[in-house]
Amino acid sequence: MLTRFLPVFGLCLFLGTSSCDDELDVDPQLSIDAGNALTTSQGVQSALIGAYERLQGASLYSGDLNLMSELLGSTGNLIWGGTFLTYRQLYQKAITTDNAVVSDTWIRAYSAINVVNNIIKAVDVVEEDQRDEVLGEALFIRGLVYFDLVRFYGLPYEPGQQNTQLGVPIVLEPTTVLSNANNVSRNTVEEVYAQAIEDLTRARDLLPDRANLDDQKEDEAAANTYSASAVLARIYLQQAGEPGNSAEGPYLTKAAEEANRVIEQGGFALVEDFSREFNNSQNTSEDIFAIQQTVQSNAGQSNTGLATFYSASQRAEIEVATTFLAGYEDGDERAEILYLDDDDVIRNGKYDVYSANVPIIRLAEMYLVRAEANQRLGTALGATPLEDINTIRNRADIPALTSVSLEDILRERTLELAFEGQLLHDLKRLRRNVGDRPYNAGELVLPIPLREINANPNLLQNEAYT
């Protein structure tokens with residue numbers, strides 16, 4: 001197993017580095033030296049494989065970005081019963097600045113960003129007929145990662161305000177030589193959102209239409225134009241904030257437009273049986289973007305990854321509260337994926353197979369985004385909110401509604417996307433308390449890792465941790 005130690009931020013932005021969490025580097029091409037790798041078209045495309053590998057790591061999309069949202073946002077819907085202090089701190093909203101989960105996520109995210117920065121810098125060496133696709137995928141990865149970083153390490157986006165609260169550093173050039181220039185400062189939340197939107201908009205316009213899975217090339221990991229639209233829809237909904245604020249309109253319009261584009265043009269389809277959307281070795285017709293895992297390359301064999309903490313066949317350190325299960329209607333197929341283990345504890349079966357792909361954005365979310373945006377705007381772009389919600393309910397095998405309210409839509413969102421990493425972000429955008437804490441409480445923002453603060457005097461710590 002090839003593993004490499006990743007130095008601190010300011011030392012960690014090299015192309016060939018990986019996280020310090022002992023992730024498996026499957027493809028030996030990932031260790032090609034940056035000076036040699038990015039002088040040929042094949043070298044750049046090999047580096048792009050490395051960028052996707054970084055997303056796959058347990059510190060990002062195969063584990064901790066999901067777990068941090070669900071544990072920090074939990075108000076009784078799940079119960080942490082594990083022995084890892086790092087995750088217990090998240091669950092208890094009492095995080096220390098040396099928390100290894102928080103630090104590893106930061107490190108691996110900036111490692112991924114540096115890989116794609118190198119790719120973007122060298123993209124002119126890529127064969128012309130492949131250049132737009134490579135550049136689009138690199139921009140997609142960078143925009144996606146910046147969006148998730150700013151949601152965790154910065155205070156919430158506030159619609160209609162300047163959003164000068166500190167976000168995360170924006171680094172757009174490759175880091176290959178250590179100098180004082182590596183000591184970057186944090187950009188504002190507004191600036192980071194703007195950068196993520198710029199990257200994803202460019203990616204959307206550069207990437208090909210590969211949403212029809214029958215026509216997809218073998219590399220299912222690759223983002224397509226609809227992957228970028230789906231993330232943009234998620235961003236614009238996050239920016240829209242809570243219902244009824246005076247600045248929500250433009251964001252909701254854009255969210256509805258991007259979600260509608262995915263639904264109407266993408267060629268995706270809801271999986272007929274809800275449970276079959278999860279625990280698959282290949283992408284489904286519903287997967288807009290998913291992290292690829294295999295028996296050889298996965299985040300679940302070393303006390304990491306989603307299956308490790310959710311599955312009854314693994315460590316099973318997260319259980320689902322009976323009160324949450326009670327929120328489903330009788331006969332709702334979505335409740336059936338929550339099962340009783342041998343000790344009569346409710347488990348989340350969405351991540352029962354450690355080597356299965358991890359859906360990051362799926363078509364059901366786009367129906368929910370379009371329904372919410374249309375409901376709040378009083379519009380019916382693509383479909384009425386009632387039609388979209390009944391599409392979701394029909395797949396769940398529960399009766400169609402005859403009318404729909406915003407609360408109905410938000411309830412369906414909670415039940416449909418349960419334990420998929422959206423909880424904390426939804427609570428923040430809707431300005432809902434997390435227990436007795438307000439949505440913008442400092443304890444609901446991750447600290448800048450202590451090792452980064454020590455290495456870089458220009459990084460300011462979040463107020464709750466000073």
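None of these values were measured; they are calculated from a predicted model.
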What residues form a ring pair (Phe, Tyr, Trp, His ring centres under 6.0 Å) with [X], not counting sequence neighbours?
X      : result
Phe140 : Phe289
Phe309 : Trp80, Phe84, Tyr87
Tyr236 : none

For the backbone of [Y] and the side chain of [X], can you confirm whether one donor and one acceptor N or O come within less than 3.5 Å of each other?
X      : Y      : result
Arg395 : Val271 : yes
Thr105 : Val101 : yes
Asn280 : Gln282 : no
Glu191 : Thr188 : yes
Ser62  : Ala58  : no
Tyr367 : Glu387 : no
Ser103 : Pro449 : no

Examine the side chains of [X] and [Y] and answer whether a donor and an acceptor come within less than 3.5 Å of each other.
X      : Y      : value
Ser69  : Gln422 : no
Gln195 : Asp199 : yes
Arg186 : Asn456 : no

So do [Y] and [X] actually touch side chain to side chain, heavy atoms under 4.5 Å?
X      : Y      : result
Leu139 : Leu200 : no
Ile197 : Ile235 : yes
Ser227 : Leu207 : no
Met68  : Phe152 : yes
Ile448 : Leu166 : no
Asn118 : Thr175 : no
Ile409 : Val404 : yes
Val168 : Tyr110 : yes

Checking salt bridge (charged side-chain N to carboxylate O under 4.0 Å, His left out) between Glu420 and each of Arg362, Arg413, Arg234, Arg334, which is the one that passes?
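With Glu420 as partner, Arg362, Arg413, Arg234, Arg334 yield a single salt bridge (charged side-chain N to carboxylate O under 4.0 Å, His left out), made by Arg362.
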Less than 4.0 Å between a side-chain N and a carboxylate O, is that true for [Y] and [X]?
X      : Y      : value
Arg432 : Glu242 : no
Arg108 : Glu53  : yes
Asp426 : Arg429 : yes
Glu372 : Arg376 : yes

Considering only residues two or more places apart or on different chains, which pairs with a residue in residues 183-205 satisfy ring-ring contact (aromatic ring centres under 6.0 Å, His included)?
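Listed once each, the pairs are Phe147-Tyr193, Tyr157-Tyr193.
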Rounded distance (nearest 0.5 Å) linking atom CD of Gln265 with atom CG of Asn260
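It comes to 8.0 Å.
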Output the distance between atom CG (Leu417) and atom CD1 (Ile392), rounded to the nearest 0.5 Å.
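If we round to the nearest 0.5 Å, Leu417:CG and Ile392:CD1 are 8.0 Å apart.
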Tell me every residue that passes side-chain hydrogen bond (donor to acceptor under 3.5 Å, both in side chains) with [X], counting only those two or more places apart in sequence or in another chain.
X      : answer
Asp132 : none
Gln461 : none
Gln314 : none
Ser275 : Asp273

Residues in side chain to side chain contact (heavy atoms under 4.5 Å, CB included) contact with Asn394, at least two apart in sequence or another chain:
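Partners of Asn394 by the side chain to side chain contact (heavy atoms under 4.5 Å, CB included) criterion, ordered by chain and then number, come out as Asn390, Ala400.
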Run the side chain to side chain contact (heavy atoms under 4.5 Å, CB included) test against Ala230 and tell me which residues pass, sequence neighbours left out.
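Ala230: side chain to side chain contact (heavy atoms under 4.5 Å, CB included) contacts with Val262, Ile288, Ile361, Met366.
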Within the supplied structure, the quantity of interest is the number of heavy atoms (other residues, nucleotides, ligands) at a distance under 6.0 Å from Glu264 CD; does it exceed 12?
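Enclosed.
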Can you pull the salt bridge (Lys or Arg N to Asp or Glu O under 4.0 Å) pairs that have at least one residue in residues 149-161, sequence neighbours excluded?
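Qualifying pairs, neighbours excluded: Asp148-Arg151, Glu158-Arg431.
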Selection residues 113-128 - residue pairs positive for salt bridge (Lys or Arg N to Asp or Glu O under 4.0 Å), sequence neighbours left out
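Salt bridge (Lys or Arg N to Asp or Glu O under 4.0 Å) check on residues 113-128 returns Lys121-Glu173.
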CA sep, side-chain torsions, deciding dist, call: Asn357, Gln292, side chain to side chain donor-acceptor pair (under 3.5 Å)
CA-CA 5 Å; Asn357 290 355; Gln292 312 299 295; 3.1 Å; yes
Exactly one of Glu257, Arg204, Glu258 should register a side chain to side chain donor-acceptor pair (under 3.5 Å) with Ser229. Which one does?
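Filter result, single survivor: Glu258.
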